[in-house]
Amino acid sequence: MTSSSLNTCEFQHELSLFNGSGNSYSYQALVVGRVEYTDGIRFLQQNGCCWLIDAIASYQTHEFKLADECQFWKLSVDLETQQAKLICDDGNGNIRITQEIDYTDFPLSKLDIYVEIRDCVFMCLMSEY
């Protein structure tokens, strides 16, 4: 669920400003260890999208991280029904994860997130990659 004080246009405008980030933030996830992320992901976190970051992090099991060092995550939202689909592929069109989301108030119809496995799980918006 997203609870941001920004309207859709403001939210989209703010996201468009993130391209290339010099800052890195981190948190310790129980199962997957350290998760590092950029300013764009931090913006999502600060605007009610922790659920999305947690959903992606929850799939970062040891076996999953070994299979793909780079992951391309796409959130597609039907703004009328407020349902969504979160899909991860390996960059070669091979879908690794599909998660149906019964309800979201995420304000945009799509969002792309890049994940790279380093000594931690690193997340950034595709525009920051």
key: Trace of the side-chain contact (heavy atoms from CB on, under 4.5 Å) decision for T38 with N23   = CA-CA 6 Å; T38 58; N23 297 318; over 6 Å; no

Membership question, hydrophobic clusters at under 4.5 Å side-chain separation (ILVMFWY): are [Y] and [X] in the same one?
{"X": "I53", "Y": "I97", "answer": "yes"}
{"X": "F18", "Y": "V115", "answer": "yes"}
{"X": "L44", "Y": "M126", "answer": "no"}

task = Could you tell me whether the side chains of Y37 and Q45 share a donor-acceptor contact shorter than 3.5 Å?
result =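 Looking only at side-chain atoms, Q45 and Y37 do form a donor-acceptor pair, the distance falling under 3.5 Å.
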
Between side-chain atoms of residues 8-17 and protein atoms elsewhere (two or more places apart, or another chain), which donor-acceptor pairs fall under 3.5 Å?
unit_1	atom_1	unit_2	atom_2	d
E10	OE1	N7	N	2.9
S16	OG	H13	O	2.6

request  = Could you list the residues that satisfy side-chain contact (heavy atoms from CB on, under 4.5 Å) with T98, not counting sequence neighbours?
outcome  =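 Listed in chain order: K85, I87, I95, E100.
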
[Y] side chain reached by [X] side chain, heavy atoms, under 4.5 Å:
{"X": "D90", "Y": "F72", "value": "no"}
{"X": "L108", "Y": "V77", "value": "no"}
{"X": "I41", "Y": "I113", "value": "yes"}
{"X": "L52", "Y": "L86", "value": "yes"}
{"X": "D39", "Y": "Y25", "value": "yes"}

How far does [atom1] of [X] sit from [atom2] of [Y], to the nearest 0.5 angstrom?
{"X": "E128", "Y": "D112", "atom1": "CD", "atom2": "CG", "result": "12.5 Å"}
{"X": "R96", "Y": "F64", "atom1": "CZ", "atom2": "CZ", "result": "4.5 Å"}
{"X": "S24", "Y": "E36", "atom1": "OG", "atom2": "CD", "result": "4.0 Å"}
{"X": "I101", "Y": "D78", "atom1": "CD1", "atom2": "CG", "result": "12.5 Å"}
{"X": "Q82", "Y": "Y103", "atom1": "CD", "atom2": "OH", "result": "4.5 Å"}
{"X": "C70", "Y": "D89", "atom1": "SG", "atom2": "CG", "result": "11.0 Å"}

Go through the structure and list residues passing side-chain hydrogen bond (donor to acceptor under 3.5 Å, both in side chains) with [X], not counting sequence neighbours.
{"X": "D102", "value": "none"}
{"X": "Q99", "value": "Y59"}
{"X": "N92", "value": "none"}
{"X": "N19", "value": "none"}

key: CA sep, side-chain torsions, deciding dist, call: Q71, I117, side-chain contact (heavy atoms from CB on, under 4.5 Å)   = CA-CA 8 Å; Q71 305 163 14; I117 305 305; 3.8 Å; yes

request  = Examine distances only and state if a side-chain atom of N47 and a backbone atom of F43 form a donor-acceptor pair shorter than 3.5 Å.
outcome  =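 Indeed, once roles are kept as given, a pair shorter than 3.5 Å links the two residues.
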
request  = With side-chain contact (heavy atoms from CB on, under 4.5 Å) as the test, would you mind laying out the steps for L125 and L111 before giving the verdict?
outcome  = CA-CA 8 Å; L125 299 176; L111 179 71; 4.1 Å; yes

request  = Fit a plane to each ring of Y129 and Y114, take the angle between them on a 0 to 90° scale, and name the class: parallel (under 30°), tilted (30 to 60°) or perpendicular (over 60°).
outcome  =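 Plane angle between 30° and 60°, so tilted.
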
request  = Run the numbers on V35 and M123 for side-chain contact (heavy atoms from CB on, under 4.5 Å), then give the verdict.
outcome  = CA-CA 8 Å; V35 176; M123 290 186 201; 4.0 Å; yes

